[in-house]
Amino acid sequence: MEQRLGSTWRMTVNEKKFIESALESELRVDGRRPFDYRALTIKFGREDGSSEVQLGQTHIMSFVTSQLVQPYRDRPNEGTLSVFTEFSPMADPSFEAGRPSESAVELGRIIDRGLRESRAVDTESLCVVAGKWVWSIRIDLHILDNGGNLVDAANIAALAALLTFRRPECTLGGDDGQEVTLHPPEVREPLPLIVHHLPIAVTFAFIGDEHMVIDPTHHEEAVMGGRMSVTLNANGDVCAIQKAGGHGVLQSVVMQCLRIASVKAGDITSKIKTVVESYKTERALRMVKRHAPRNAVDVNEPGEKAKQILEGQKLKSEECSVSQSDDMDVEQGRIKKKSDKDQSFTGRPSSWDPYSEGVNIDELKATLASRGSVAVPMNLDNLGDNIRDETKTDEPLSDVNQVSSSTDSAGKEMTMSKEKTLQDAVKPKNKRKKKKSSNTAAV
């Protein structure tokens, strides 16, 4: 205890007099009016049931979890709601890890009383099997930075976490109908809690004999003589009142605090509902985005635009359906050919032929031309016109892929047949010359 008191921050007499003298002019050290709140910021985590609240220099995180437990005997049809606080040493030098201090226990009781006594959360909807299984809701508050007025900041963090929390859905089955089955979020959508109203805590600090401020800072809490926390909803219903400190408060002052707190509770409630609605919208969009198709066409768009979109989708599908071949590359939905020479040759082998890679069209044509000249190696310059016309042929070669040896043999056979025909044509002329010579000799 002595170590905890030794690490407590204390103000000097001059600092206390400066704060009191500034309040006489209805001004505060941070420039606010006596009944003005500091800047409020509410954020949510990726998981349901987690919130982060920053009220000025005060920083608090809240987490909500659930668990199936056995109910109390006096309330077998109702679930339970509990609040736990954790004061971290990094938030304030006076906080120590381990056993919670008196301030931590007091903070947890104020938040718990405002939620449970006002029936803000419907605990009957947390019952699964009467007298056997109910849901136990636990709220964990972590103090990250103590800048004053922990009660209001912790209450806002707890409400924001409760509004965004979702418990798993469960069903009953088995032979006796008492077996509970919990469904994961991927199978069935979790269920939110039923919150009837939002009890907002508003804290007043009494400094001196006449001065009263709202939302005190860490410096003002060191100077104040008493404190009062009023918990009420936007309808003006008082949920709880907690008075701490030795400073006495008149009845008229209490009624004045209730009127001011009613206005502040309405403003804070609207802020909480606004950020919660934005979070729910973002969550719904995130869930839809996970199951939405890649390309969606709006039927309400103009006809031309819809046709363009459909044509683009058809072109992409055709490009994706093209199989990858050796002479074509598919990159980013576009087909690029390797060379311009292949584009000019339309009669090349199909793209699936593994032997068509690297074929040069010019070399192939030159080879075919050379083989065509070798196929008929005859020199017909010395033959007559009639024989030359008979040997000419206009028919193209039927098979350009024959072996060179077979082509040469075919050429030799054709040459021998031509020579034989030529000899047969020349022989009758010689016989006629011999007959003439014999007749001449006889004469």
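The model shown is predicted, which means the values in this text are computed figures rather than measured ones.
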| field | Chi angles and distances behind the side-chain hydrogen bond (donor to acceptor under 3.5 Å, both in side chains) call for Asp48, Tyr279 | value | CA-CA 10 Å; Asp48 297 335; Tyr279 170 79; 2.6 Å; yes
| Point-to-point distance, once rounded to the nearest 0.5 Å, from SG of Cys239 to NE2 of His197 | 5.0 Å
| said: Please check this pair: side chain of Asp145 against backbone of Ile60, looking for a donor-acceptor N/O pair closer than 3.5 Å. | reply: no
| Pair His59-Glu52, side-chain donor/acceptor within less than 3.5 Å | yes
| note | Rounded to the nearest 0.5 Å, the CG atom of Leu115 sits from the OG1 atom of Thr231 at a distance of 8.5 Å
| message | One thing to verify: whether Arg227 and Glu106 come together as a salt bridge, which I'm taking to mean a side-chain N less than 4.0 angstrom from a carboxylate O. | response | yes
| task | In sequence, state the C-alpha distance, the side-chain angles, and the governing distance for Ile143 and Leu150, and then conclude on side-chain contact (heavy atoms from CB on, under 4.5 Å). | result | CA-CA 8 Å; Ile143 312 300; Leu150 295 177; 3.9 Å; yes
| request: Identify the two heavy atoms, one from Ser66 and one from Arg167, that lie closest to each other, and give their separation to 0.1 Å. | output: OG-CB, 4.2 Å
| task | Give a yes or no on whether Gln57 atom CD has more than 12 heavy-atom contacts from other residues, nucleotides or ligands under 6.0 Å away. | result | no
| task | Please examine the side chains of Met228 and Ile241, heavy atoms only from C-beta on, and report whether any two atoms are closer than 4.5 Å. | result | yes
| Is a side-chain N or O of Arg138 found less than 3.5 angstrom from the main chain of Thr80, in a donor-acceptor match? | no
| When you measure from the side chain of Ser50 to the backbone N and O of Arg46, does any donor-acceptor pair fall under 3.5 Å? | no
| task | Please check if the side chain of Asn233 supplies one atom and the backbone of Gly236 the other of a donor-acceptor pair under 3.5 Å. | result | yes
| task | Carefully, step by step, assess Thr65 and Ile139 under the rule side-chain contact (heavy atoms from CB on, under 4.5 Å). | result | CA-CA 7 Å; Thr65 56; Ile139 305 174; over 6 Å; no
| said: When you measure from the side chain of Ser88 to the backbone of Leu144, do you find a donor-acceptor pair of N or O atoms at a distance under 3.5 Å? | reply: no
| message | Taking the side chain as everything from C-beta on, heavy atoms only, tell me whether Asn146 gets closer than 4.5 Å to Phe87. | response | no
| Which pairs with one or both residues in residues 233-245 pass salt bridge (charged side-chain N to carboxylate O under 4.0 Å, His left out), sequence neighbours excluded? | none
| task | Decide, yes or no, whether a salt bridge links Glu124 with Arg119 under the criterion of side-chain N to carboxylate O below 4.0 Å. | result | no
| task | Using atom types as modelled and distance alone, determine if a side-chain donor or acceptor of Ser51 lies under 3.5 Å from a backbone N or O of Ala157. | result | yes
| Heavy-atom side-chain proximity of Met212 to Phe206 below 4.5 angstrom | yes
| message | To the nearest 0.5 Å, what is the distance between OG1 on Thr164 and CD on Glu47? | response | 11.0 Å
| query | Do Phe35 and Val213 have side-chain heavy atoms sitting under 4.5 Å apart? | reply | no
| Main-chain N/O of Gly148 paired to Thr58 side chain as donor or acceptor, under 3.5 Å | yes
| task | Answer with yes or no whether the side chains of Asp152 and Asn149 bring together a donor and an acceptor at under 3.5 Å. | result | yes
| Validation row: Glu189, Glu169 side chains within 4.5 angstrom (heavy atoms) | no
| message | So which atom in Ala161 and which in Ser62 form the shortest heavy-atom distance, rounded to 0.1 Å? | response | CB-OG, 3.6 Å
| To the nearest 0.5 Å, how far apart are CD1 in Ile42 and CD1 in Ile156? | 6.0 Å
| field | Atom CZ of Phe18 with >12 non-hydrogen neighbours under 6.0 angstrom | value | no
| query | Closest approach of Cys127 and Val134, non-hydrogen atoms and distance? | reply | CA-CG1, 3.9 Å
| Min side-chain heavy-atom separation Leu107-Ser103 under 4.5 Å | no
| field | Nearest heavy-atom neighbours spanning Thr85 and Ala104 | value | OG1-O, 3.0 Å
| field | Expected output: side-chain Ser262 to main-chain Leu258 donor-acceptor under 3.5 Å | value | no
| request: Run the numbers on Leu23 and Leu27 for side-chain contact (heavy atoms from CB on, under 4.5 Å), then give the verdict. | output: CA-CA 5 Å; Leu23 288 175; Leu27 293 175; over 6 Å; no
| message | Salt bridge check, Arg32 against Asp215: does any charged N sit closer than 4.0 Å to a carboxylate O? | response | yes
| query | Taking all non-hydrogen atoms of both residues, which atom of Trp135 and which atom of Pro168 are closest, and how far apart? | reply | CZ2-O, 3.6 Å
| query | Can you tell me how far CD1 of Ile110 sits from CG of Asn155, rounded to the nearest 0.5 angstrom? | reply | 10.0 Å
| field | Sequence neighbours excluded, every pair satisfying salt bridge (charged side-chain N to carboxylate O under 4.0 Å, His left out) that has a member inside residues 263-282 | value | none
| Check: Ile214 and Thr203 side chains under 4.5 Å, non-hydrogen atoms | no
| task | Flag the pair Lys132 / Gln70 as yes when at least one side-chain heavy-atom distance between them is below 4.5 Å, and no otherwise. | result | no
| remark: Taken in chain and number order and not counting sequence neighbours, the residues that satisfy ring pair (Phe, Tyr, Trp, His ring centres under 6.0 Å) with His142 are Phe63
| field | Side-chain donor/acceptor of Arg166 to backbone N/O of Leu191, under 3.5 Å | value | no
| said: Run the side-chain contact (heavy atoms from CB on, under 4.5 Å) test on Glu20 and Val223 for me, step by step, so that the C-alpha distance in whole Å, both residues' side-chain angles and the decisive distance to 0.1 Å come before the verdict. | reply: CA-CA 9 Å; Glu20 292 177 358; Val223 181; 4.0 Å; yes
| How long is the gap from CD on Glu24 to CD1 on Ile207, to the nearest 0.5 Å? | 11.5 Å
